[in-house]
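Here's the structure we're looking at; comments come further down.
Values below: every heavy atom of this structure, side chains too, minus hydrogens, waters and symmetry copies. None of the values given here were measured: they were computed from a predicted structure.
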Amino acid sequence: IEVPGSANLSIGFAIPALSAQIEEDYFASALLRGIQKASIDRPISLRILDAHAETLGKTMASSDLDGFIVVDLLDENREAIEKLALAGKKILILGASDDTVNAPFVDGDNYTGTAEAVKHLLYLGHTRIIGLFALMETWNSKQRHKAFVETLTHREYPPEQELVLLDKGNGRQLAPETHQRLEALLTGADRPTAVLCGGFFLALEAMRLIKGLDLRIPEDVSLVGYDDPAAAKYLSPPLTTVRQPLEEMGEQSLAYLYDWVHFGTMPPLRMIHKESLIVRSSTSQVQGRGRLHQHTEDSLCSTEILTPSP
């Protein structure tokens with residue numbers, strides 16, 4: 001797929017999702033919208049690469065493209081990307097803040113975004129919180145999982161092992177084993193009062209399961225997601241979630257890569273964007289329990305509280 005202009009530079013957009021599925025993937029499509037926006041005033045041709053992990057390195061090594069934007073770096077292609085970068089390929093990593101690869105990257109602050117979501121739940125009185133994560137081969141999922149565990153531990157509420165669910169599915173639908181474990185937790189005697197999800201589709205899956213058990217959101221179980229597509233505010237109830245500035249990240253990545261290829265201006269190695277906690281109606285104070293003492297640390301994640309229109 002190409003976005004042509006009066007092109008004299010060719011940029012590859014490498015993403016794990018197949019190009020035919022990008023419009024269905026909020027994360028990928030939002031990044032691509034930003035890239036397309038940045039390409040309007042720049043003479044480039046943008047080519048979308050189907051970046052299967054096992055062939056990504058070979059595809060990029062044999063390509064005559066001028067530069068590459070690699071989205072959501074996976075464990076299995078980290079070594080290949082590192083070798084290509086050392087060999088002189090102009091590669092910018094988008095949506096993964098991996099310091100182990102000697103290539104510049106643009107990412108959201110997934111650790112702080114998750115930490116702020118955890119603190120929000122703690123402030124509302126939730127101390128037994130389920131953490132639901134998937135696609136653990138990606139850098140972002142690792143950062144969100146790490147922040148969940150470390151923030152609760154730092155606040156003296158270390159999560160029990162059974163409350164941390166690492167799904168082995170595709171990030172869109174829960175694997176049967178995860179579904180069973182989540183259902184068992186939500187129907188047990190000592191039911192957790194909140195679920196924090198490391199992705200938007202995970203939040204949809206959790207919402208469907210919670211409602212299927214005749215539990216109310218947020219009266220019985222509070223729910224937090226990640227990413228903020230337009231649909232999030234139209235769910236019932238509207239979803240509290242962490243918003244990443246994905247379009248801005250995509251726009252910045254192409255602008256930096258273009259200047260690198262065209263003018264030889266090396267971009268900064270680390271470009272981290274703040275994320276925002278969007279508080280809607282899917283989270284509330286635990287019934288019968290007062291709020292915990294509000295944290296006082298300076299926050300790198302802004303919080304926006306949205307209430308339904310009357």
Side-chain angles (χ1 to χ4, degrees), residues 3 7-17 22 27-49 51 53 56-113 135 137-144 146 244-275 300-301:
V3 180
N8 54 28
L9 291 180
S10 297
I11 302 297
F13 180 63
I15 186 165
I22 285 180
F27 176 79
S29 60
L31 293 174
L32 184 56
R33 284 195 299 273
I35 289 172
Q36 290 175 316
K37 182 178 179 181
S39 71
I40 291 174
D41 298 323
R42 294 175 173 88
I44 69 164
S45 174
L46 178 64
R47 182 177 302 166
I48 298 176
L49 308 175
L56 177 60
K58 291 181 180 179
T59 299
M60 293 173 63
S62 61
S63 172
D64 59 356
L65 296 174
D66 298 299
F68 300 88
I69 295 174
V70 177
V71 176
D72 212 7
L73 187 65
L74 305 180
D75 285 341
E76 51 263 52
N77 54 39
R78 180 177 287 105
E79 183 178 353
I81 297 299
E82 173 73 9
K83 288 180 179 179
L84 290 170
L86 290 173
K89 289 282 188 181
K90 291 180 171 59
I91 300 170
L92 189 145
I93 298 169
L94 176 58
S97 46
D98 191 342
D99 288 317
T100 67
V101 176
N102 188 29
F105 60 79
V106 176
D107 197 12
D109 190 349
N110 288 273
Y111 189 97
T112 302
L135 303 175
E137 68 275 15
T138 66
W139 188 260
N140 287 347
S141 292
K142 292 178 181 178
Q143 289 292 298
R144 294 169 192 174
K146 181 180 180 182
Q244 299 188 85
L246 297 175
E247 289 193 32
E248 293 89 340
M249 288 161 52
E251 188 174 357
Q252 184 185 56
S253 68
L254 184 64
Y256 271 121
L257 184 58
Y258 177 83
D259 287 349
W260 189 11
V261 173
H262 191 66
F263 301 111
T265 306
M266 176 72 181
L269 284 177
R270 294 173 56 88
M271 293 163 279
I272 304 295
H273 288 250
K274 293 181 182 179
E275 299 183 346
L300 294 178
C301 176

Reported [atom1]-to-[atom2] distance for the pair [X] and [Y], which is rounded to 0.5 angstrom:
X    : Y    : atom1 : atom2 : result
L32  : K37  : CG    : NZ    : 14.0 Å
F68  : R47  : CZ    : CZ    : 9.0 Å
W260 : L92  : CH2   : CG    : 7.0 Å
E137 : K142 : CD    : NZ    : 8.5 Å
S141 : K146 : OG    : NZ    : 14.5 Å

Give the minimum heavy-atom separation between [X] and [Y], together with the two atoms involved.
X    : Y    : answer
G250 : L94  : CA-CD2, 4.1 Å
G108 : I272 : C-CG2, 4.2 Å
F27  : G95  : CZ-CA, 4.3 Å
A103 : L269 : C-CD2, 4.1 Å
P104 : M271 : CB-CE, 4.4 Å

Side-chain touch [X]/[Y], heavy atoms, less than 4.5 angstrom:
X    : Y    : value
E275 : N110 : yes
H262 : R42  : no
I44  : V261 : no
I11  : I35  : no
N140 : L135 : no
L31  : I69  : no

- prompt: Looking at K83 and E79, does any basic side-chain N land under 4.0 Å from a carboxylate oxygen?
  reply: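 So K83 pairs with E79 through a salt bridge.
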Criterion side-chain contact (heavy atoms from CB on, under 4.5 Å) on S39 and L46, from CA distance to verdict: CA-CA 8 Å; S39 71; L46 178 64; 5.6 Å; no
message: Counting only heavy atoms from other residues, nucleotides and ligands, does the tally under 6.0 Å from NZ of K89 exceed 12?
response: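 Above 12, so yes.
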message: One pair to check against side-chain contact (heavy atoms from CB on, under 4.5 Å): R270 and F105. What are the steps and the verdict?
response: CA-CA 6 Å; R270 294 173 56 88; F105 60 79; 3.4 Å; yes
- prompt: How far apart are the C-alpha atoms of L56 and I81, what are their side-chain angles, what is the distance that settles it, and do they pass the side-chain contact (heavy atoms from CB on, under 4.5 Å) test?
  reply: CA-CA 9 Å; L56 177 60; I81 297 299; 4.0 Å; yes
Are the side chain of [X] and the backbone of [Y] linked by a donor-acceptor contact shorter than 3.5 Å?
X    : Y    : answer
E82  : N102 : yes
D109 : K274 : no
S63  : M60  : no

Steps toward side-chain contact (heavy atoms from CB on, under 4.5 Å) verdict (D259, Y256): CA-CA 5 Å; D259 287 349; Y256 271 121; 5.6 Å; no
